[in-house]
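Basis for what follows: all heavy atoms, side chains included, without hydrogens, waters or symmetry-related copies. Throughout, protein chains are lettered first and strands after them, A, B, ... in sequence-line order, and every chain is numbered starting at 1.
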Number of protein chains: 2
Amino acid sequence: MASEHERGRVKTMETAFDIIETLVALDGGRISEVASELGLAKSTAHRHLTTLEELEYVVVDDGVYRPGLRFLQIGEQTRTRQEAYELAKEKVTDLAAETEERSQFIVEEYGRGVYVFRDTGQRAVHTDSEIGKRIPIHATAAGKALLATLSDERITEIIDHRGLPALTEHTITDESTLRSELEGIRDRGYSINQQENTIGLRAIGVPVEHGDGTPFGALSVSGPTHRFQGTLFEETLPNLMLGTANELELNIQYS
Amino acid sequence: MASEHERGRVKTMETAFDIIETLVALDGGRISEVASELGLAKSTAHRHLTTLEELEYVVVDDGVYRPGLRFLQIGEQTRTRQEAYELAKEKVTDLAAETEERSQFIVEEYGRGVYVFRDTGQRAVHTDSEIGKRIPIHATAAGKALLATLSDERITEIIDHRGLPALTEHTITDESTLRSELEGIRDRGYSINQQENTIGLRAIGVPVEHGDGTPFGALSVSGPTHRFQGTLFEETLPNLMLGTANELELNIQYS
DNA sequence: TCCAGGAGTTCGACGATGCAGAACGCTTAA
DNA sequence: TTAAGCGTTCTGCATCGTCGAACTCCTGGA
């Protein structure tokens, strides 16, 4: 099963996490569901799930196993471990309030962007449901801003590893185009997303660096093309975001 | 190593999660640190950590391994899976805004209370750092409110499993006292915490149930004894919270 | 410059342990 | 009453996780 992995790894651990991911994907599953889904013997799935439950990583309700809140605990701890994350959260909230659009903060992990905070202007649409979601780094404003802060070697690594898949007809899929785009971002200080990720959506992103110039993450604000145009899109928003990123960097430096 | 666990479980998985928990506890560790911490051979720790990194559950920076954001992803997904959680979050925010005190929503897992949302009135102190934290269910307002909604058998199970450890001199450590306290909560509709968890802190908790009467979680608001007294503590707050819980239950029922 | 110490990595051999499959009991539906 | 489906338990086999040794790389001190 799934033997595309290198040798020399702990196979049992792979099946353990395969099971957890199956539970996430199925939104909870019974023993035999999991077993057939992964091609395991029923007894094996049973043993794994029982162990996961004893370790308190999985809860069982009426025979249906689901991931437990311990993942949330570990996730929150890794998120808040760095004080800078709290500062970034404030800025995300501020941006959402000022622009009344959707704003988010992402960091890079394994060559992809990961949503760390997100907020929206209107209270009603307020949802955190995509926190932790991984997005292709080359097709989002925040992702490109982040890429621009990385070293050339790291950029090459990421492109080699993840490729440049097209998400819409506007996605940049050519490496040299992307590189010159990144050059432009470094000059301007901010990045633009022109429906490269989703048709009908534009966005502006700004990188955020630590005091010593090492990359930290990126802020972005996104909205519909009919609102994101003209002076707002070309001047007001970029200036607001550059200012916000600058404040954030100063806050980080002196905290 | 650590052989107090039952036979018939997947031992390798236990060491895998032991390693993850060690990384959480140490806030990142090197291979040999983890190995000596858990009494493993260096090569074993190496193999596990390499596997965890390949599975993208752990990131490595300059030889130091840390839990990755995938835990956050799984945690957020389990939290937001149930739509009711979003509704609960709104109420936590509302309570924090109205009372200008700390408010939280907890659910029960493995016989303990788990913070699912938390908010505080003043923006400055706004921190989510304790999300996911597990608390003794008998020594908190929300915990007792939650306990009061459970079946007698489940209550017995929890007490047998977790015991009633004293956290302060006011903690209820006697089972029959706790049971009559729960009876009172069922009558009144809300619970009170009189410095049972932390000296100097009082709190009020209300249970939240699904439309069919099954337990969902509990809301609570906590504050310092010098503010939590008199009419506020005896009337205003309880009424506010009972109303809020009632609204929440209605929202849940018709969503 | 050389050596010593510590860290990460690789390798091989042993035996613990994870795995599949069968068998059993329970519940549900026909 | 029976059959199907599910969870649970057990047992034997061979896989695979474990340890320890050996090697390299890096760093700091003499």
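Within the structure, salt bridge (charged side-chain N to carboxylate O under 4.0 Å, His left out) contacts touching residues 24-42 of chain B (residues at least two apart or in different chains) are Arg81(A)-Asp27(B), Asp27(B)-Arg66(B). Within the structure, ring-ring contact (aromatic ring centres under 6.0 Å, His included) contacts touching residues 132-163 of chain A (residues at least two apart or in different chains) do not occur.
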*Along nucleotides 10-19 of chain C, 5' to 3', which nucleotides get a B, which get an S, and which get a -, given that the test is a protein heavy-atom distance under 4.0 Å?*
B------SBS
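Look at CD on Glu37(A): it is 14 Å from P on dC6(D), rounded to the nearest Å. When rounded to the nearest whole Å, the span between CD1 of Ile31(A) and C1' of dT9(D) equals 12 Å. Whole-Å rounding puts the Arg30(B) CZ to dC26(D) P distance at 14 Å. Rounded to an integer number of Å, the gap from Glu33(A) CD to dC6(D) C1' is 11 Å.
Glu181(B) is linked by a salt bridge (Lys or Arg N to Asp or Glu O under 4.0 Å) to Lys144(B), counting only residues two or more places apart in sequence or in another chain. The side chain to side chain donor-acceptor pair (under 3.5 Å) test applied to Ser32(B) returns no partner, not counting sequence neighbours. Residues forming a side chain to side chain donor-acceptor pair (under 3.5 Å) with Arg186(B) (at least two apart in sequence, or on another chain): Glu183(B). For Asp212(B), the side chain to side chain donor-acceptor pair (under 3.5 Å) partners are Thr214(B), not counting sequence neighbours. For the side chain to side chain donor-acceptor pair (under 3.5 Å) test, residues two or more places apart in sequence or in another chain that qualify with Glu21(B) are Tyr57(A), Arg70(A).
Within the helix from dT1(C)-dA30(D) to dA30(C)-dT1(D), the inter-axis angle between the opening and closing five-pair segments is 30°, rounded to 10°.
Remark: the Ser220(A) side chain and the Arg118(A) side chain contain no N/O donor-acceptor pair separated by less than 3.5 Å.
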